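Single-structure report; data block below.
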Number of protein chains: 2
Amino acid sequence: MHSPKRMLFLDFVLSVFRLNGLLISEGDAMAEKLGLTSARWKVIGAIALSGRGLTVPGIARALGQSRQAVQRITDVMVSDNLLFYQVNPRHKRSVIVTLTDAGTEVYNMLREVQDPWALGTTEDIPIEELESGLRLVRRLIQKFDK
Amino acid sequence: MHSPKRMLFLDFVLSVFRLNGLLISEGDAMAEKLGLTSARWKVIGAIALSGRGLTVPGIARALGQSRQAVQRITDVMVSDNLLFYQVNPRHKRSVIVTLTDAGTEVYNMLREVQDPWALGTTEDIPIEELESGLRLVRRLIQKFDK
DNA sequence: CCAGCAATGACAACATGCTGACATTATTAG
DNA sequence: CTAATAATGTCAGCATGTTGTCATTGCTGG
């Protein structure tokens, strides 16, 4: 009934909600100096990590979000000259979202803030704990993401 | 530079974002049959766990959210007869949010769905992994929540 | 006591996410 | 090849969260 595992898991779930909110705050604080928000560096990050460029639905799939939500963000970022829409030879309508030079520069500046933050945050946490935590989170993601 | 720990942590952060979205979807799916949303069972849960009743800012503090966000949810839930505002003898304006009988019933029905879900989700995950994952998440929360 | 500070409710503006619906373009099955 | 299906862009509506502001209430240090 009140099995320890059940209580433990619900505690874990609520803690993930809480951590999620705090991480977004942290991200917003870091991105603020660069005129970004956490939603925007998610998009920049997804494109940068892809190497090439991604379509809007491609970014959405990478981030696990709806394509409509991503579209709204990319439209604004194109207005802000961080991204541009490149003609897609493989699809007449679905353009490829690419980083402009300004976007690449912002991404690099972001990393100069983000990297020390990541290292500072984890300096007193053994790498094994991080690995095992990531494994758990991934496992749960896989379980829910069908 | 590209230290393994840094990459690991960023991976962890992005995975937490992803898991957060999936958990909200799971919560919405479970709560839907009861006419709730995940935002609302967070509020119901916070009140139920408190035993007595909580003020709106009290719920917000428990959930780590802004009091305005909670106020909006509780206002709707009072309209839906799940909650009611009880006069607070200790504060002329800040009422105490309490579960109605209907609200209590919904909370109990929710648990009948949620408990099997929690057990099913974790059936193939050792309790030690859950404990260590929770410890990590808590540690990060404490680090960011000042 | 009371003057200043903190907490609260109320309202507004905004950012971010979701879903639904529709038309258009791609892909696939037959 | 063609018809059905899937993917995409676009627009709309809505839920949930944030911050800011202001008036009111409560608390606290002199």
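Lettering follows sequence order; numbering is per chain, from 1. Nothing here was measured: the structure is a model prediction, and the numbers come from that model.
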For DNA chain C, whose closest nucleotide is more 5', that of B/Arg67 or that of A/Ile73?
B/Arg67
C/dT25 base to A/Arg93 side chain: any donor-acceptor pair below 3.5 Å?
no
Name the residue closer to the 5' end of DNA chain C, choosing between B/Val56 and A/Lys92 according to the nucleotide with the nearest heavy atom.
B/Val56
State the OG1-CD1 distance between B/Thr122 and B/Ile127, to the nearest 0.5 angstrom.
8.5 Å
From C-beta outward on B/His91, which listed nucleotide comes closest to its side chain: C/dT8, D/dT8, D/dG17?
C/dT8
Given D/dT10, is OP1 or OP2 found less than 4.0 Å from the side-chain N or O atoms of A/Gln71?
yes
Parallel, tilted or perpendicular: ring planes of B/Phe144 versus A/Trp117, cut at 30 and 60 degrees
parallel
CG of B/Asn88 versus C1' of D/dG26: gap in Å, rounded?
11 Å
For a quick check of understanding: with a heavy-atom distance under 4.0 Å over all strands, which category does B/Val76 fall into, base, sugar-phosphate or nothing?
nothing
Does the D/dG13 base have a donor-acceptor partner in the side chain of A/Gln68 within less than 3.5 Å?
no
What is the separation between atom CG on A/Asp28 and atom P on C/dT16, rounded to the nearest whole Å?
8 Å
So does B/Ser66 get a side-chain nitrogen or oxygen closer than 4.0 Å to the phosphate oxygens (OP1/OP2) of D/dG17?
no
Interatomic distance where CE belongs to A/Met77 and C1' belongs to C/dT16 [whole Å]:
14 Å
Between A/Leu54 and A/Arg61, is any pair of side-chain heavy atoms under 4.5 Å apart?
no
Test item: side-chain donor near acceptor, B/Thr37 and B/Asp28, under 3.5 Å
no
Rounded to whole Å, please give me the gap between CG in B/Leu63 and P in D/dG17.
8 Å
Write down the distance between CG (A/Asp75) and P (C/dA15), rounded to a whole number of angstrom.
14 Å
Regarding A/Ala39, tell me which of base, sugar-phosphate or nothing describes its non-hydrogen contacts under 4.0 Å with the strands shown.
sugar-phosphate
Verify the contact: side-chain N or O of B/Lys42 to OP1 or OP2 of D/dG17, cut-off strictly under 4.0 Å; return yes or no.
yes
Is there a donor-acceptor pair closer than 3.5 Å between any side-chain N or O of A/Lys42 and the backbone N or O of A/Leu63?
no
Does OP1 or OP2 of C/dT16 have a side-chain N or O of A/Thr37 closer than 4.0 Å?
yes
Send over the distance from A/Ile24 CD1 to D/dT19 P, rounded to a whole Å.
12 Å
Got a donor-acceptor contact below 3.5 angstrom from the A/Thr100 side chain to the A/Leu82 backbone?
yes
Tell me whether the side-chain N/O atoms of B/Ser25 come closer than 4.0 Å to OP1 or OP2 in C/dC18.
no
A/Trp41 atom CH2 is separated from C/dT16 atom P, nearest whole Å, by 12 Å
Whole angstrom value for the distance that separates C1' of D/dT16 from CD of A/Gln65:
14 Å
Under 3.5 Å, is there any donor-acceptor pair linking the side chain of B/Arg72 to the base of D/dG17?
yes
Is the distance from OP1 or OP2 of C/dT8 to the nearest side-chain N or O of B/Arg61 less than 4.0 Å?
yes
With distance as the sole criterion, do the side chain of B/Arg90 and the base of D/dG26 form a donor-acceptor contact below 3.5 Å?
no
Does D/dG9 have OP1 or OP2 under 4.0 Å away from a side-chain N or O of A/Ser94?
yes
